[in-house]
Every structure is written in structure tokens, then in C-alpha cells.
Amino acid sequence: MTQEDLFKNIIAHAKEYGFIFPSSDIYDGLGAVYDYGQNGVELKNNIKKYWWDSLVRMYDNITGLDSAVFMHPKVWEASGHVSAFNDPLIDNKDSKKRYRADVLLEDYIAKLEEKINKEVVKGKKRFAEAFDEEQFRATNPNVLREKEKIDSVRGKMVKALNDNDLEGLRQLIVDCGIACPVSGTKNWTEVRKFNLMFSTKLGSTEDGASQIYLRPETAQGIFVNFLNVQKSGRMKIPFGIAQIGKAFRNEIVARQFIFRMREFEQMEMQFFVKPGEEMKWYQYWKDMRLRWHLSLGLGENMYRYHDHDKLAHYANAACDIEFQFPFGFKELEGIHSRTDFDLSRHEEYSGRKLRYFDPETNESYIPYVVETSIGLDRTFLSVLSASYREETLEDGETRVVLRIPPVLAPVKLAVFPLIKKDGLPEVAHEILKALRLEHHCLYDEKDSIGKRYRRMDAIGTPYCITVDHQTLEDKTVTLRDRDTMLQDRVAIDSLSGILDKKLNSKYWLEKLV
Ligand code: GAP
């Protein structure tokens with residue numbers, strides 16, 4: 001199966017099993033906007049909780065916040081979003097399709113990288129045991145030629161983006177011979193800038209109403225509350241403020257399902273530090289955030305760092321943690337050293353002092369900020385896509401299973417009576433009543449036991465408990481493991497303890513301390 005087909009299957013599965021629906025589905029959907037169904041919302045809430053607990057609960061010096069989506073319009077002037085939150089867009093005159101100029105160039109670079117990878121595969125075949133990949137990449141003329149092209153295109157693109165050189169960007173697209181994927185022609189318009197913020201009106205009358213924006217990031221709500229939290233919480237630097245919430249961007253190139261949405265959620269943490277110490281903390285959070293991802297157990301090879309060549313106007317260092325989605329390695333989380341840019345600008349635009357008084361040195365200063373910013377929906381997609389498996393079993397049957405990390409699974413347990421009589425449903429209900437105090441559980445008595453297991457595999461339920469006739473005799477049940485499909489006979493009294501060890505988030509969070 002190609003990666004494209006696999007991705008289509010994942011999207012169809014997400015709809016069929018109540019994870020994700022297109023928004024306003026009965027009206028044929030709304031571009032790049034999605035709703036989370038009964039299982040989706042559980043998975044999403046579990047991701048939020050795991051992120052929140054790993055920061056706000058595990059650190060004395062990190063605290064939470066929930067700021068409003070609407071903010072004073074001056075916030076976005078101060079932050080630079082009104083003047084600089086733009087994408088460079090280019091249209092193909094024949095297909096009338098619109099693209100982000102930098103995305104066209106990134107896709108072109110990805111194709112060159114693909115060529116290099118093919119050369120490496122050929123080399124491996126040719127030299128077999130004697131193959132030394134590092135040496136091959138450093139010396140093979142075809143690889144070196146493509147690499148030189150990549151460096152040159154990337155260098156020119158970064159320079160044009162940094163210099164705001166729209167004509168330079170267009171020329172680079174022309175020079176690379178990039179064709180529109182739809183029309184196949186190279187008939188391009190000029191490159192233009194397009195602001196990504198949604199605006200609306202606050203107030204009842206047209207005349208008196210003021211234009212405001214839907215926030216394009218949650219971070220600014222943290223910056224404008226920096227002193228409120230610091231003073232009311234008596235926080236000492238270094239300290240962090242974490243927030244989870246909706247963000248809105250009028251994305252032009254909206255594609256790849258929930259990867260790039262117009263309404264999405266971010267989980268952001270701004271860590272306020274003493275000026276001069278930002279690089280130490282940047283490195284700390286770069287390491288810690290990767291550890292958080294790895295703690296989920298989706299596979300070390302699924303993540304990589306990408307250090308930014310082009311730094312945003314506010315940053316002095318930045319990197320992404322990329323994830324191997326079915327459509328390739330793409331950004332999942334950003335870690336940015338944002339200097340004192342945001343707080344200084346808010347001081348300037350609000351006329352209020354946003355300084356920290358350090359009681360140890362008797363100095364006041366504007367703190368520097370290291371930000372960790374992760375997309376909740378992208379994390380959801382990373383978990384969903386890495387967990388999805390179409391498996392052929394030993395008896396030749398097939399199953400679709402979501403091997404979701406148990407701590408995140410939407411439903412943790414299902415309880416089944418083997419059959420719908422002989423008092424088995426009553427016992428199953430008793431077990432359910434006790435276990436649902438600790439975990440999100442489901443009860444199911446319809447269809448054969450095999451079909452019930454398949455339904456639970458398809459939504460990623462890690463454990464199924466079956467009550468059978470032996471239960472009535474010795475108060476034991478079978479406990480089935482989703483991944484191994486093995487069934488253990490265990491005492492009803494021991495269920496709570498066994499399941500706690502497998503499902504309690506403390507056994508996952510302890511990997512982070
Ligand atoms: N405060 C910094 C900030 O917003 P960003 O790199 O623009 O930085 C951070 O966004 C994260 O938010 C990204 O790494 C990504 O996971 C997520 N994100 C950004 N735009 C998104 C979109 N249109 N749809 C879904 N997630 C998005």
C-alpha cells in the first residue's frame with residue numbers, strides 16, 4: 001500500500017469510528033475545519049491532560065492560564081502580527097490554484113532529497129555488506145550534485161524570505177522550473193503577501209464597533225498576563241505559564257486533513273528567564289520536549305529536530321520537532337527563544353511597565369522568553385497515524401487496530417458478558433460500576449465476542465474484560481490485551497491493581513522526572 005492510500009484509510013477510519021468528522025458534514029463540510037467525535041474528544045482530552053500534567057503538575061515553577069480568544073487590537077500591532085503575519089502567495093494563471101511560494105520551494109527541495117535517498121538505496125544494493133552510508137553520501141557525485149542544488153535553493157529562499165524579496169521568490173520558482181501540480185504549467189503570477197488573521201467586529205453598531213482579531217496564537221494571552229500571574233502567584237524567575245486553547249489562521253494552503261486547519265488548538269508554554277540565560281533554557285526545553293514525545297512510545301525514529309535557518313522576527317534561536325506523518329517528516333512542535341521582544345513591545349504599546357523585580361539582585365528587568373508551542377491537532381494526528389495498523393492474523397483473518405499508547409486511549413477498558421443470559425450481564429455490570437470510577441469504560445453485549453474485540457481494537461481500547469461461566473464459580477474473568485491479543489485469567493479483586501499499573505498516567509509521567 002502506498003503512503004497516500006494508507007493516509008486515505010486513516011482518514012476514513014477516523015470518520016467511521018467517531019474520531020473526526022468534517023465540520024458541517026451535512027452541508028459538504030467547510031475547508032480545513034473539523035469536528036471531533038465521541039472517541040476523538042476523549043483522545044484529545046487525554047493528550048491535553050498528559051501535556052498539562054507533565055508541566056503544570058510536575059514543575060513547582062510552571063503554572064496555568066486560560067486567557068480569552070478576543071484581545072485588544074493593539075496586542076496584534078505590538079506582537080507584529082498585523083504587519084508581519086503574512087504568507088507569500090503565488091497563483092498559477094491556468095489552474096487558478098493558489099500556493100504558498102515557500103511551500104512550492106520546500107516541496108521542490110523534498111523531491112531533490114528523495115532523489116538522494118534513491119541513490120543511497122541503489123548504493124546499498126550494489127555494495128551490500130561493504131556499504132558505508134556516511135562515506136557514500138560524502139563522495140557519490142550524484143548525491144553531491146543534488147545536495148549542492150538543495151543548499152543553493154534553500155539559501156536563496158531563506159535570503160528572499162528574510163529580505164521580504166517577493167520578486168526574488170518568484171524568480172527562484174521560475175529558475176527551479178517548478179510547475180503547477182494541477183495544470184502542469186509554469187505560468188505564474190507575481191508573489192503577494194496575505195495576512196493570516198481573521199478579523200471581526202466587537203460592538204453592536206457598525207459605527208461604534210471596533211475591528212478585532214481571532215487570536216492566531218495563544219502565546220500573546222500569556223505575555224499580556226505576565227505580571228498578573230507573576231504578582232498574584234508570587235512567581236520567581238525562572239518560571240513558566242502554560243495555556244491550552246483555540247487559535248485561528250486563514251490558511252490558504254489548507255491540506256493534509258487536521259495537519260493544517262483554520263481553527264485549531266495549541267498547547268503553549270512561555271518560560272520567563274533572566275536575560276543571558278536563555279540559551280541554557282532553550283537547550284533544556286529542546287531536550288525535555290523531545291523526551292515528552294518519546295515517552296509516548298511511538299518510536300524514536302518517528303521524531304527529528306529541524307533547526308531553523310530563517311528565524312522569525314522575534315527569535316534568536318528556534319527549532320522544530322518534526323514527526324514522520326504518512327506524508328513525510330513535518331513540524332509537530334516549535335521551540336523558540338523569543339528574547340524580550342514580546343514583553344518589550346507590549347511595554348511600548350500599552351505604556352505599562354512589564355518588568356520583573358529580582359529580589360536577590362535588587363534589579364528590574366524585562367525577562368527573556370523560551371517558548372514551547374505544540375499543535376494539539378497535529379499531536380492527535382501523530383498518535384492516530386502512528387497507531388493505525390492493518391494486520392493479518394495467524395488464522396488469516398484481518399483486523400484494524402489502533403495501538404494508541406494506553407495512557408491516551410479514548411476508552412481504557414471494555415467489559416463484556418460472554419452471553420446475554422445466565423446472570424453474566426449482571427456480574428459484568430457490577431465490575432463496570434467499580435472500574436468506571438477509575439477509568440473510561442464501555443459495556444458491550446451485542447454480537448459474538450470476536451466481533452466485540454474487533455470493535456474495541458478499531459478504537460484502540462487497550463483491555464477487554466470478559467465475564468463467562470467460570471466467573472460465577474471462582475470470581476475470575478479473562479483480561480485481553482489489545483496488542484498481543486493474549487488473554488489472562490485474573491481474579492475480579494485484582495483487576496483494579498493490575499489495570500492501575502497499565503493505565504495510570506503516573507507510570508508514564510515518571511519517565512520525565
Ligand atoms: N506561538 C508560536 C507559534 O504559534 P507556530 O510554529 O506558528 O508558532 C506552533 O505554531 C504549532 O502550532 C505548530 O508547531 C503546529 O503544531 C501548530 N499549528 C500551527 N498552525 C497550525 C494549523 N494551521 N493547523 C494545525 N496546527 C497548527
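The analysis underlying the following values was restricted to heavy atoms, covering all of them including side chains, and did not include hydrogens, waters or symmetry mates. These figures come from a predicted structure and were not determined experimentally.
Looking at E510 and K506, no side-chain N of the basic residue comes within less than 4.0 Å of a carboxylate O on the acidic one, giving no salt bridge. Ion pairing of R249 with E217 is absent here, as no side-chain N (NZ or NE/NH1/NH2) approaches a carboxylate O to less than 4.0 Å. Remark: R489 engages D468 in a salt bridge, criterion side-chain N to carboxylate O under 4.0 Å. The residues E106 and R100 are annotated as not salt-bridged, no charged nitrogen and carboxylate oxygen being separated by less than 4.0 angstrom. Using a cut-off of 4.0 Å between Lys/Arg side-chain N and Asp/Glu carboxylate O, D444 and R452 are scored as not salt-bridged. Ion pairing between a basic and an acidic side chain is recognised when a charged N comes within 4.0 Å of a carboxylate O; R291 and D287 show no such pairing. Salt-bridge annotation for D87 and R98: absent, with no side-chain N of the basic residue lying under 4.0 Å from a carboxylate O of the acidic one. Using a cutoff of 4.0 Å between basic side-chain nitrogens and carboxylate oxygens, R262 and E251 are not scored as salt-bridged. The pair K330-E322 fails the salt-bridge criterion, with no side-chain N (NZ, NE, NH1 or NH2) lying under 4.0 Å from an Asp/Glu carboxylate O. Here K412 does not pair with E438 in a salt bridge; the nearest charged N to carboxylate O distance is not below 4.0 Å. Using a 4.0 Å cut-off between charged nitrogen and carboxylate oxygen, E265 and K44 count as a salt-bridge pair. With respect to D447 and R455, a salt bridge is recorded, a charged nitrogen being found less than 4.0 Å from a carboxylate O. Between K502 and D481, none of the side-chain N atoms (NZ, or NE/NH1/NH2) sits under 4.0 Å from a carboxylate O, so this pair counts as no salt bridge.
For K475, the NZ atom is loosely surrounded, since the number of other residues' heavy atoms within 6.0 Å does not exceed 12. Sparse packing is recorded around CD of E300, with 12 or fewer heavy atoms of other residues, nucleotides or ligands lying under 6.0 Å away. Around NZ of K48, the count of heavy atoms belonging to other residues, nucleotides or ligands within 6.0 Å exceeds 12. Other residues, nucleotides and ligands place more than 12 heavy atoms under 6.0 Å from the NZ atom of K511. No more than 12 heavy atoms of other residues, nucleotides or ligands shown are found within 6.0 angstrom of CZ on F70. In this structure, D5 places its CG atom where more than 12 heavy-atom neighbours from other residues, nucleotides or ligands lie under 6.0 Å away.
Here the CD1 atom belonging to I374 is positioned 3.0 Å from the OG1 atom belonging to T379, to the nearest 0.5 angstrom. How far CZ of F223 is from CG of N225: 11.5 Å, rounded to the nearest 0.5 Å. Atom OG of S505 sits about 9.5 Å away from atom CG of N46, to the nearest 0.5 Å. Annotation: the span from I10 atom CD1 to Y388 atom OH amounts to 6.5 Å, rounded to 0.5 Å. Within the model, atoms OG1 of T218 and CD1 of I241 stand 11.5 Å from one another, a figure rounded to the nearest 0.5 Å.
Side-chain N or O atoms of S494 include none that pairs as donor or acceptor with a backbone N or O of V490 at under 3.5 Å. Panel note: side chain Y282, backbone E277; no donor-acceptor pair is recorded below 3.5 Å.
For the residue pair E268 and Q243, no side-chain donor N or O sits within less than 3.5 Å of a side-chain acceptor on the partner.
Using bins of under 30°, 30° to 60° and over 60° for the plane-to-plane angle, the ring pair W76/H81 lands in the perpendicular bin.
Aromatic rings of F257 and F259 (six-membered ring for Trp) have centroids beyond the 6.0 Å cut-off, not under it. Aromatic pair W292/Y50: centroids less than 6.0 angstrom apart. Aromatic rings of F19 and Y17 (six-membered ring for Trp) have centroids beyond the 6.0 Å cut-off, not under it. Ring centers of F380 and Y36: under 6.0 Å apart, within the cut-off. Annotation: F416 is not in aromatic contact with Y443 [ring centroid separation under 6.0 Å not met]. For F198 and Y213, the gap between ring centers reaches or exceeds 6.0 Å. Between F226 and F272, the distance separating the two ring centers is shorter than 6.0 angstrom.
Here the rule is salt bridge (Lys or Arg N to Asp or Glu O under 4.0 Å) with D457, and of K451, R480, R389 only R480 fits it. The only option from F239, W285, W52 that meets the ring-ring contact (aromatic ring centres under 6.0 Å, His included) definition with Y59 turns out to be W285.
For the pair R304/I321, no side-chain contact is recorded, criterion being any heavy-atom separation below 4.5 Å from C-beta on.
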